[in-house]
Protein chains: 2
Amino acid sequence: MDGIEVRELRYFVAVAEELSFSRAAERLGMAQPPLSRAIRQLERRLGGTLFHRDTRRVGLTELGETLLDEARYALDVLAGVGRRASRAAQDTPTLVATAKPGVATGMLPRILAAYACLPGAVPVETVVSGYREQADMVRDGRADVALVSSFFDRRGLDSEPLTTEPRAAALPAGHPLARREELRCADLHGEPMPQWPEATPAERAYWSGRDHHVAETRGRLAEDESAEVRGPTVSDPGQLIEVVALGQAVALIPRSLADANPRPDIVYRPVTDASPYTISLAWSEGSRSPHLARLVRAATDLLVPTG
Amino acid sequence: MDGIEVRELRYFVAVAEELSFSRAAERLGMAQPPLSRAIRQLERRLGGTLFHRDTRRVGLTELGETLLDEARYALDVLAGVGRRASRAAQDTPTLVATAKPGVATGMLPRILAAYACLPGAVPVETVVSGYREQADMVRDGRADVALVSSFFDRRGLDSEPLTTEPRAAALPAGHPLARREELRCADLHGEPMPQWPEATPAERAYWSGRDHHVAETRGRLAEDESAEVRGPTVSDPGQLIEVVALGQAVALIPRSLADANPRPDIVYRPVTDASPYTISLAWSEGSRSPHLARLVRAATDLLVPTG
DNA sequence: CCCGTCCATACCCGCAGAGTATAAATCTAG
DNA sequence: CTAGATTTATACTCTGCGGGTATGGACGGG
């Protein structure tokens, strides 16, 4: 009846990810029998089974699925507490900021410069993060703040929008839609759209113009599964531009990305009803550092002139 | 270097709350020496001291203060995972909804009735919660959804606004400000305002009209410490009305509360620039139960007609 | 049909965490 | 100023639990 053990959660996540007790045990650096016992113990404590085991294959039950999600979340929170506390214990307090390479790169130095001018500013370290990794880095304490772009997973984070801009369609030069001056989301629905690897359904909806601006506020619960024509997979904006130029896809991109890539073989057309592209500053809900608060204040004062 | 132990967090919170190792040990049902050791070990792991101890008095260091906050949050998350998982393991899935007695009471039955009509609806249990306790109940898994009113601590919760209404000033009948038709927040700043017990700074700012609608979006970081005249302490809306009627204070209340209490000895005047009073449905970010999602959908469809 | 693979069971061990006794330190009372 | 009370820190012991090893048993592949 006493609270759950983190150790058990870690074990459970490992088994759920490997779908094998022996592989999970190896990954955890332990033997398999104690792992089995620990999972059994967790199941007894919860009063339900987490895995189907037919001595050959291991699969998650429905209960296991939901616990997996919750367990990951809880472990992130816990790791974040530990990391932030460790860093706060150092005698010279420091902030860590992160941003993905690309669109938002220019913004971070300006924010940090503005912050550095404030009295009592502490040193800020900048680290680059992989695509869509920023939110995780903030959640688990590897970073204090991140520049994130819509769409991102808001769980566990507070955020403040900094800039917002309309989105445009990037079309190969000869494309029929290029003749029109303005487009709407529905016009793009039959077209092949570039795919981002490991994108969530909500992210796919946003980048294909099917999110109906619901995704912005409560993405996890929103679902729009209307059929989508999937184009080639791309993993950075440069690839995306190339794919469009080759006529393999049509993309819905932020205006600034269009402006940064003027090319004769691509035409950009505003998409009037697409939800806008927003860059936000995000930080952990768990953290109440005054230094962090000042950095956030500096960023909003700089980019969202009060009015 | 390995992640933090929950046991350590529990111990730390106990000591931080009791500000005494021996009392904390008693509360935890253990002896005092192992507690001291555990805290020392935690301090070594973090690389900083958490308590000032002069063998007579124990006090939190700055690091301790921030860790206390984070630790409470993390423990809530963990407890929530455990409770939700235990409940999900029962063969008959159930949802638990909570609301404070008072303003929002009438709304919950309507939501639940609308939900109950849906196919596949599961039984919903209703529990009442103390004032401002709803968010905690959702965080630590005692409830799945809560009707919460601005202002509340959003950490760890997703929420969806259901209704929003302007706020008005409640003034004793003979009050000078009662002569004017409309007021602004600044007009109230010199007046004594009722105090809610254990209110956070952000809550005090909201109820005294000093939040500048910043509190709505990022309350934790907002601070407005301009001097406030504190009136008598009240713990429910009925008391608040009485206190105003007796001429002991002036209050900033939601319009519906004013409408529900027409009295000859109180006059209500709209406060045009006060941030509105919002009732939201809140649930844990950690949870992805489809039943919960349907309940949320039912509530929003009922109260926020799509348009 | 046999062998390999993978999970479960049985049993043992070591250590971390908890208890007891006690010292050291500081405040209070008189 | 001193004696007692209170509270944290130290020293030592012990026990329970988490982990390891060996092995059994079930299923699938060849």
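Side-chain atoms are counted along with the backbone in the values below, which use heavy atoms only and exclude waters and symmetry mates. It should be emphasised that the depicted structure is a prediction, and the values quoted were computed from it without experimental measurement. We name chains A, B, ... by the order of the sequence lines, and we start the count at 1 in each one.
Using a 4.0 Å cut-off between charged side-chain N and carboxylate O, B:Glu70 and A:Arg87 make no salt bridge. A salt bridge links B:Glu43 to B:Arg53: one of the charged nitrogens lies within less than 4.0 Å of a carboxylate oxygen.
Around CZ of B:Arg27, the count of heavy atoms belonging to other residues, nucleotides or ligands within 6.0 Å exceeds 12. Within 6.0 Å of the CD atom in A:Glu133, the count of heavy atoms belonging to other residues, nucleotides or ligands exceeds 12. Around the CD atom of B:Glu26, the shell of radius 6.0 Å holds no more than 12 heavy atoms that belong to other residues, nucleotides or ligands. Surrounding CD of B:Gln90 are more than 12 heavy atoms belonging to other residues, nucleotides or ligands, all under 6.0 Å away.
The aromatic rings of A:Phe51 and A:Phe21 lie perpendicular to each other, with more than 60° between the two planes, well past the 30° mark.
For the side chain to side chain contact (heavy atoms under 4.5 Å, CB included) test with B:Leu68, the passing option among B:Leu63, B:Leu9, B:Val13 is B:Val13; the others fail.
The residue B:Arg40 sits close only to the backbone: its heavy atoms come under 4.0 Å of sugar-phosphate atoms, none of a base.
The side chain of B:Ser36 lies closest to D:dA9, out of C:dC7, C:dA8, D:dA9.
Each end of the helix from C:dC1-D:dG30 to C:dG30-D:dC1 gets its own rotation axis from five pairs of C1' atoms, and the angle between them is 20° to the nearest 10 degrees.
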Please encode protein proximity along nucleotides 15-26 of chain D as a string of B, S and -, counting only heavy-atom distances under 4.0 Å. ---SBBBB---S

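A close approach under 4.0 Å does occur between a side-chain nitrogen or oxygen of A:Ser20 and OP1 or OP2 of C:dC7.
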